[in-house]
Protein chains: 2
Amino acid sequence: MNDFLTEMEYVGLTSRLKRLSDSLLYSTKELYKSEGLDIEPNWNLIFILLQENETMTITQISETLQFSHPAVVKIINKMKKNGHVETRTDTDDKRKQILTLTEKAHKQLPVFEKYWTAGRQTVMDLLADSPNFLEEFLKIEEKVNQSDYKERTLKNLKNDELSN
Amino acid sequence: MNDFLTEMEYVGLTSRLKRLSDSLLYSTKELYKSEGLDIEPNWNLIFILLQENETMTITQISETLQFSHPAVVKIINKMKKNGHVETRTDTDDKRKQILTLTEKAHKQLPVFEKYWTAGRQTVMDLLADSPNFLEEFLKIEEKVNQSDYKERTLKNLKNDELSN
DNA sequence: TTTAATTAAGTAACTGGTTACGCAAATGTA
DNA sequence: TACATTTGCGTAACCAGTTACTTAATTAAA
């Protein structure tokens, strides 16, 4: 392959993460488009959540997915426009938007699920020769959650200065 | 931690890749901003390439990094505006833009390098408990390069249909 | 030698995220 | 009970990528 970013080892990793993440994202969009499916990447997560929980709010979803709430607002707006989600204002707390799947969504679910199952299989195939990947990826996430890139790097900088 | 995407295993992985990639990206931007450095994430890669190669074109860089060429155009335009890169048109082939680091860039490099070294150390720390990560991540990249998400998923779909 | 095909790079429009900000509703407190 | 604080969510502006298209220059082919 002879990939420059790979040769850079630790220095190239963050760009490679983005490169792979983007590649999967765009490939997924293309798949749905080419198959004429009226859905987007990530919507499967919302579908799953709203099946499991019947009703949820924007904030609940954003906390569950650990996305920012504006990100969830955008996804939900698109899903509303496509008629897969409907909202009503909570009568007890009028700030809250209660989200539910529509009739149409439930009707189309079996078709979508065929694609999501095949996609899940794809990820399994991609990980087949990387038996430790999920476990080790989780460790990285946990470390970043505990202290992020900026914090760690500033600390490293300070240590470097002290040792000079 | 109890993260929904983690619980979803294979289904949540692509979103987790994006989440981590974004987290690193924004944290890096914040670091540079808070330290008053006039650089952005990824510029280190351009600096390294232009130090190694003296001169390069947009296309050469985009092929080396495996980014789209408009992405490189954008990065280079910013670096030009900041006075770190200058361009001249190739006299032999007037379509080509020859890129070089400026005087200013060379002068500031030692400062930047302090931060990049610390950042590299951060990635090493993050990977410390994940000894197989780089190797297994590479395998995934290679597989995706060989056949992308869409292709693989379509194939899985067809197999699923056959077995019914 | 003219013409067709390819290549380099710039631009436009879009994507799925982010942070920052504002407003209205609910909650806590003096 | 009045007022300050917090919460939910919507919007705006931005960010680093992408694809699709255009134009100009070069190269290949008739």
Side-chain angles (χ1 to χ4, degrees), chain A residues 5 14-30 32-34 39-46 56-80 87-99 148-150, chain B residues 5 14-30 32-34 39-46 56-63 65-80 85 87-99 148-150:
Chain A
L5 291 186
T14 58
S15 300
R16 286 165 70 197
L17 281 168
K18 173 134 180 71
R19 212 171 51 178
L20 179 61
S21 152
D22 279 349
S23 157
L24 294 172
L25 182 71
Y26 284 96
S27 201
T28 306
K29 287 183 69 68
E30 241 184 63
Y32 292 155
K33 194 179 166 188
S34 76
I39 50 176
E40 305 273 344
N42 275 340
W43 290 15
N44 57 338
L45 302 171
I46 309 285
M56 290 188 85
T57 66
I58 300 279
T59 303
Q60 279 172 347
I61 291 181
S62 82
E63 280 166 359
T64 307
L65 298 183
Q66 293 177 37
F67 288 7
S68 67
H69 87 266
V72 177
V73 170
K74 281 188 187 179
I75 295 172
I76 293 299
N77 278 342
K78 271 198 182 177
M79 293 183 78
K80 277 168 73 175
T87 58
R88 63 173 197 278
T89 304
D90 188 320
T91 47
D92 293 341
D93 183 342
K94 286 166 198 154
R95 293 168 308 176
K96 290 186 183 166
Q97 290 297 305
I98 308 285
L99 309 176
D148 70 9
Y149 180 90
K150 178 186 171 189
Chain B
L5 290 186
T14 58
S15 299
R16 285 165 70 195
L17 280 169
K18 172 133 181 74
R19 210 172 52 177
L20 179 61
S21 153
D22 278 349
S23 156
L24 294 172
L25 182 71
Y26 285 97
S27 201
T28 306
K29 288 183 68 69
E30 242 185 62
Y32 292 155
K33 194 178 166 189
S34 75
I39 49 175
E40 305 272 344
N42 276 341
W43 289 16
N44 58 337
L45 302 171
I46 310 286
M56 290 187 87
T57 65
I58 300 280
T59 304
Q60 280 173 345
I61 291 180
S62 82
E63 280 167 357
L65 299 182
Q66 293 178 37
F67 288 8
S68 69
H69 87 266
V72 176
V73 170
K74 281 186 188 177
I75 294 171
I76 294 299
N77 279 342
K78 271 198 183 177
M79 292 182 78
K80 279 168 73 176
V85 164
T87 60
R88 62 174 197 280
T89 305
D90 188 320
T91 48
D92 294 340
D93 183 343
K94 285 166 198 154
R95 292 168 308 178
K96 291 183 183 167
Q97 291 298 306
I98 309 285
L99 309 177
D148 70 9
Y149 180 89
K150 178 187 171 189

Residue closer to the 5' end of DNA chain C, B:Ser15 versus B:Lys80 (nearest nucleotide) | B:Lys80

Between CD1 of B:Ile39 and P of D:dA16 the distance, given in whole Å, is 13 Å

Mind checking whether A:Asn44 and A:Ile39 have side chains closer than 4.5 Å, heavy atoms only?
-> no

Gap between atoms CG and P, on B:Leu99 and C:dG10 respectively (whole Å) = 8 Å

With sequence neighbours left out, write down each residue that passes side-chain hydrogen bond (donor to acceptor under 3.5 Å, both in side chains) with A:Ser62, or none if nothing qualifies.
-> none

Separation of atom CD1 in B:Ile75 from atom P in D:dT18, rounded to whole Å | 9 Å

How close or far is atom P of C:dG10 from atom CD1 of B:Ile61, stated in whole angstroms?
-> 11 Å

Considering only distance and modelled atom types, tabulate donor-acceptor pairs under 3.5 Å from the side chains of residues 67-76 of chain A, sequence neighbours left out.
residue : atom : partner : partner atom : Å
A:Ser68 : OG   : A:Ala71 : N            : 3.4

Starting from P on C:dT27, measure out to NZ on A:Lys94 and report it in whole angstrom.
-> 12 Å

Between C:dA9 atom P and B:Arg88 atom CZ, what is the distance in whole Å?
-> 13 Å

Compare all side-chain heavy atoms of B:Arg19 with those of B:Arg16 and state whether any distance is below 4.5 angstrom.
-> yes

Heavy-atom pair of closest approach, residues A:Lys150 and B:Ser27 = N-OG, 2.9 Å

Give me, pair by pair, the N or O atoms of the protein and of nucleotides 3-8 of chain C that are less than 3.5 Å apart, along with how far apart they are.
residue : atom : partner : partner atom : Å
C:dT7   : O2   : B:Arg95 : NH1          : 2.5

Base, sugar-phosphate, or nothing for A:Asp90, non-hydrogen atoms under 4.0 angstrom?
-> nothing

Any residue meeting salt bridge (charged side-chain N to carboxylate O under 4.0 Å, His left out) with B:Asp22, in chain and number order, not counting sequence neighbours | B:Lys18

Side chain to side chain contact (heavy atoms under 4.5 Å, CB included) with A:Thr14: which residues, sequence neighbours excluded?
-> B:Leu24

Start at the 5' end of DNA chain D and walk down; is the nucleotide closest to A:Ile98 or to B:Lys29 reached first?
-> A:Ile98

B:Lys18 NZ - D:dT18 P separation (whole Å) = 12 Å

Among B:Gln97, B:Lys94, B:Arg95, which one satisfies side-chain hydrogen bond (donor to acceptor under 3.5 Å, both in side chains) with B:Thr89?
-> B:Gln97

Heavy-atom nearest nucleotide on DNA chain D taken for B:Lys78 and for A:Val73; more 5' hit belongs to A:Val73

Identify each atom pair where a protein N or O and an N or O of nucleotides 18-22 of chain C are less than 3.5 Å apart, giving names and distance.
residue : atom : partner : partner atom : Å
C:dT18  : OP1  : A:Ser68 : N            : 3.4
C:dT18  : OP2  : A:Ser68 : N            : 3.1
C:dT18  : OP2  : A:Ser68 : OG           : 2.4
C:dT18  : O4'  : B:Tyr26 : OH           : 3.2

Length of the line joining B:Ile76:CD1 and C:dT11:P, which is rounded to integer Å = 14 Å

Hey, are the side chains of A:Leu17 and B:Leu20 touching, using non-hydrogen atoms and a 4.5 Å cut-off?
-> yes

